[in-house]
Amino acid sequence: MSLLEDATRSAILLGTGQAATRHAARMLEYRTPLVAAVRPGGGGRFHGLPVYAAVAEAVDETGATAAIAFLPPQTVADALADAASAGIRLAVCVTEGVAAHDTLRALEAADGTGMLIVGPNSPGLALPHLSVLLGFLPVEMTAPGGVAILSRSGTLSYEVVLALAGANLGVSAWVGVGGDRIKGSTFSDLLPLVCQLPETEQIVLVGEVGGDDEERVAETLAALELPTAALIAGRYAPAGVAVGHAGAIIEDGRGMYKEKVAALTAAGVAVVSRPTDIPEALTRQRTGAPT
Amino acid sequence: MQLLEHEAKELARQAGIRTPRGTVAATPAEAAAAAASLGANVAVKAQVAGKNRAADGGIWIGPAPEAQPAAAAMFAKTVCGEPVRSVLVEESVATDSEAYLGVTVSQRHRAPVILFGAAGGSGIERRFAETGTTLPFSPSRPPARREIEPIVRATCGDTAVEPLTSVALATTRLFRQLRAQTVELNPLALVASGAPVALDVRVVPDPATVPPDATTPANFDFLALDRGGTVGVVSTGAGGTMLLIDLLVEHGLRPANFCDMRAGSARGNPARIQLALTMLKPFHRLRCIAINVFAGITDLDEFTTLLIAVLRDDPPAVPVIARLQGRRSDNARARLRSAGYQAVATVDELLAACAEAIG
């Protein structure tokens with residue numbers, strides 16, 4: 001069974017501040033299995049959920065295995081490390097502006113216990129067949145279906161999901177890996193996990209210039225034989241500058257658009273230039289029609 | 001984005017790393033005064049953030065009496081796209097050999113790493129691939145001397161192991177103290193007497209650790225792309241904005257800028273929309289402004305109210321076309337049209353409308 005399915009049967013909220021308040025109602029409305037919240041001091045209820053003072057306590061009491069962190073950049077890395085120690089297996093982090101040194105500490109802790117981090121700077125993770133929303137993805141736009149989307153950009157993933165909905169294509173998994181340079185999980189980490197979901201039949205990658213996430217996943221995609229389409233943003237972005245996302249930076253001639261397109265195309269992926277071209281690209285991939 | 005060389009060298013000195021003697025000069029006369037006490041030969045180096053200053057004439061080495069005209073020439077030019085406002089005048093250091101030492105957050109290793117190369121200077125990427133060693137270390141615990149020595153030996157041989165290891169430890173301490181993305185000593189010169197000397201120091205801060213500008217609100221990204229651009233871009237979402245810019249270029253239109261105003265967290269405050277439009281005013285060749293908002297969970301009603309108020313309050317000099325999509329977007333578009341502005345639903349329509357506005 002996919003870690004995504006297994007770990008998300010029971011989830012806790014880290015943080016009960018403004019951001020958590022904004023998004024908790026939507027996650028609960030989607031019927032996400034949230035069982036507790038954690039905030040310093042604990043006590044009382046948050047959207048009907050018991051509030052604990054520490055993640056270890058919350059896990060002991062509820063057996064939760066997933067977490068969604070709505071905490072500020074100064075404290076979230078420590079919270080993720082605590083979650084790892086407490087036995088959480090999957091943590092989604094929406095926080096933007098986490099210092100890379102802090103992300104690295106959180107990753108070290110997570111690697112030590114085998115916890116998967118999605119993010120930081122992620123809009124979240126959604127599994128429509130399982131009614132799981134961890135984050136703030138606009139799941140109202142979609143329905144359960146067979147397309148797994150892995151995206152470095154929140155907004156572009158919304159555009160893709162809208163285009164898929166227009167072609168009556170629903171989603172099996174929708175994962176924002178985030179826009180940071182150092183990510184908890186990359187395309188390569190998540191691809192096998194979304195493929196293990198029984199409903200996944202097609203893959204869409206939304207990438208950007210900078211880094212080598214796309215190049216690294218290309219090999220796995222070649223072996224996969226699932227219809228796959230990709231969109232890469234930043235073709236005309238200036239080199240040497242982080243364009244919006246800290247991770248979208250062409251450094252020392254690496255992370256350029258044409259290399260990503262070449263690697264993905266060589267792996268048999270249909271690379272398109274706009275979200276509205278995705279459904280047709282997937283159809284061509286499915287039917288084996290010439291591109 | 002990185003610190004200026006002289007700023008980076010000041011931090012390096014505070015960390016116990018040796019640098020050439022030198023002074024920052026803001027005028028040719030100051031450069032002459034600085035050069036007078038630095039020995040027979042000096043270096044004059046443009047203080048701009050850029051990777052290859054030498055290629056643009058930003059590094060000069062010669063006799064001290066010639067420092068003033070060399071500095072004057074440098075102040076008159078741009079180096080790495082920046083006007084030169086200050087130069088660093090340094091003693092010219094006699095070196096035995098040069099190495100490369102860097103400490104950086106490695107995306108590939110998902111860890112901080114120490115990079116040691118037996119050859120320094122420009123073209124370091126190629127040389128490092130041939131001669132360098134990488135030592136990943138734990139973000140929670142800096143490497144100990146006994147962990148660093150082997151890679152120094154493996155890279156640079158047995159001479160100067162102790163001083164090179166000491167510099168590596170100091171550089172790693174500085175990297176961790178600054179929570180920097182990169183601290184780089186390149187070239188790191190081995191000299192006849194004393195500790196190795198960092199001839200150039202590059203410090204790249206982590207953008208997440210840099211406080212937002214006093215004049216710019218947090219969560220607002222604006223980047224000038226093309227001063228002669230014809231389409232002003234006001235958008236939300238980094239990836240969506242990047243793609244809009246790609247599509248504008250592909251359509252032969254000239255986007256003037258990148259702007260991600262993060263409409264999602266405006267919360268009743270028009271400041272970000274106002275700021276975006278204000279920052280577009282100096283772009284004198286604009287023929288239209290393209291506003292692009294795909295609302296995931298953003299309240300488009302609130303955004304539309306703010307947008308109409310901002311546009312009425314300070315009407316832009318060029319046509320504004322807004323692409324609004326997502327939750328309750330048909331209502332938002334209808335309201336915007338009633339207010340007399342162009343509103344479209346798709347990016348393709350936005351591109352077509354921009355093309356028409358430009359004519």
Side-chain angles (χ1 to χ4, degrees), chain A residues 22-23 26 73 96-105 107-109 111 123 136-138 140-141 151-159 162 179-183 206 208-212 231-238 240-248 252-254 257 273-276, chain B residues 1 50-51 105-108 110-112 124-125 138-141 175-176 178-181 204 206-209 212 218-219 221 223 225-226 235-250 255 258-260 262 264-265 292-298 325-327 346-348:
Chain A
R22 281 185 80 198
H23 305 304
R26 288 183 66 249
E96 191 175 354
V98 184
H101 281 231
D102 291 335
T103 304
L104 288 175
R105 285 190 301 106
L107 294 189
E108 187 183 43
D111 288 350
F136 54 81
L137 294 171
E140 303 81 6
M141 287 171 41
S151 181
R152 287 172 62 181
S153 158
T155 49
L156 272 188
S157 75
Y158 306 173
E159 301 265 11
L162 182 68
D180 284 1
R181 243 181 118 245
I182 305 296
K183 300 176 178 61
V206 181
E208 297 173 349
V209 294
D212 60 0
L231 173 66
I232 312 290
R235 178 175 193 170
Y236 296 104
V241 187
V243 195
H245 281 152
D252 302 324
R254 287 189 305 270
Y257 178 85
S273 59
R274 55 213 324 133
T276 43
Chain B
M1 119 246 151
K51 278 208 94 173
V105 172
S106 167
Q107 198 175 25
R108 240 191 86 224
R110 273 162 115 252
I124 185 59
E125 291 82 22
S138 160
S140 315
R141 184 188 68 76
F175 166 83
R176 294 182 83 243
L178 295 176
R179 286 147 62 78
Q181 184 172 299
V204 181
D206 179 343
T209 64
N219 289 332
D221 279 321
L223 194 64
L225 296 174
D226 179 359
S235 179
T236 199
T241 307
M242 274 194 273
L243 191 75
L244 175 60
I245 286 166
D246 291 341
L247 293 172
L248 284 165
V249 172
E250 267 169 26
F258 171 99
C259 171
D260 175 8
R262 324 284 176 95
S265 37
N292 174 41
V293 180
F294 190 124
I297 55 169
T298 298
Q325 184 52 270
R327 215 163 134 263
T346 69
V347 170
D348 282 340

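Chain naming here is simple, since letters A, B, ... match the order of the sequence lines and numbering starts at 1 in each.
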So, do [X] and [Y] sit near enough that their side-chain heavy atoms are less than 4.5 Å apart?
X: B/Glu250; Y: A/Tyr236; value: yes
X: A/Arg235; Y: B/Val249; value: no
X: B/Thr209; Y: A/His101; value: no
X: B/Asp246; Y: A/Tyr257; value: no
X: B/Val105; Y: A/Arg181; value: yes
X: A/Glu108; Y: B/Ser140; value: yes

Inset, instruction - Would you mind telling me which of A/Ile232, A/Leu156, A/Thr155, A/Val206 makes a side chain to side chain contact (heavy atoms under 4.5 Å, CB included) with B/Leu243? - result: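 Testing B/Leu243 for a side chain to side chain contact (heavy atoms under 4.5 Å, CB included) against A/Ile232, A/Leu156, A/Thr155, A/Val206 leaves exactly one candidate, A/Leu156.
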Legend entry - Portion of A/Glu159 that has a non-hydrogen atom of chain B nearer than 4.5 angstrom: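 For A/Glu159, heavy atoms of backbone and side chain both lie under 4.5 Å from chain B.
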How far apart are the closest heavy atoms of [X] and [Y], and which atoms are they?
X: A/Pro138; Y: B/Gly296; answer: CB-O, 3.5 Å
X: A/Ala233; Y: B/Met242; answer: CB-CB, 4.0 Å
X: A/Leu104; Y: B/Ala111; answer: CD2-N, 3.7 Å
X: A/Gly97; Y: B/Ala208; answer: O-CB, 3.4 Å

Inset, instruction - Could you tell me which of A/Pro73, A/Gly154, A/Ala100, A/Pro123 has the largest number of non-hydrogen atom pairs under 4.5 Å with chain B? - result: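 Looking at each of A/Pro73, A/Gly154, A/Ala100, A/Pro123 in turn, A/Ala100 comes out on top.
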Inset, instruction - Sequence neighbours left out, what passes salt bridge (charged side-chain N to carboxylate O under 4.0 Å, His left out) with A/Arg26? Give chain and number order. - result: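 A/Arg26 satisfies salt bridge (charged side-chain N to carboxylate O under 4.0 Å, His left out) with A/Glu140 only.
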Legend entry - side chain to side chain contact (heavy atoms under 4.5 Å, CB included) against B/Arg110, all qualifying residues, sequence neighbours excluded: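 Testing B/Arg110 for side chain to side chain contact (heavy atoms under 4.5 Å, CB included), a comparison that skips the adjacent residues, returns A/Leu107, A/Asp111.
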Legend entry - Structural part of B/Ser106 lying under 4.5 Å from a heavy atom of chain A: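 Only the backbone of B/Ser106 comes within 4.5 Å of chain A.
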Inset, instruction - Supply the atom-to-atom distance B/Ile297 CD1 to A/Tyr158 OH, rounded to the nearest 0.5 angstrom. - result: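 If I round to the nearest 0.5 Å, the distance is 6.5 Å.
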Legend entry - Electrostatic pair B/Arg179:A/Asp102 at N-O distance under 4.0 angstrom: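 A/Asp102 and B/Arg179: salt-bridged.
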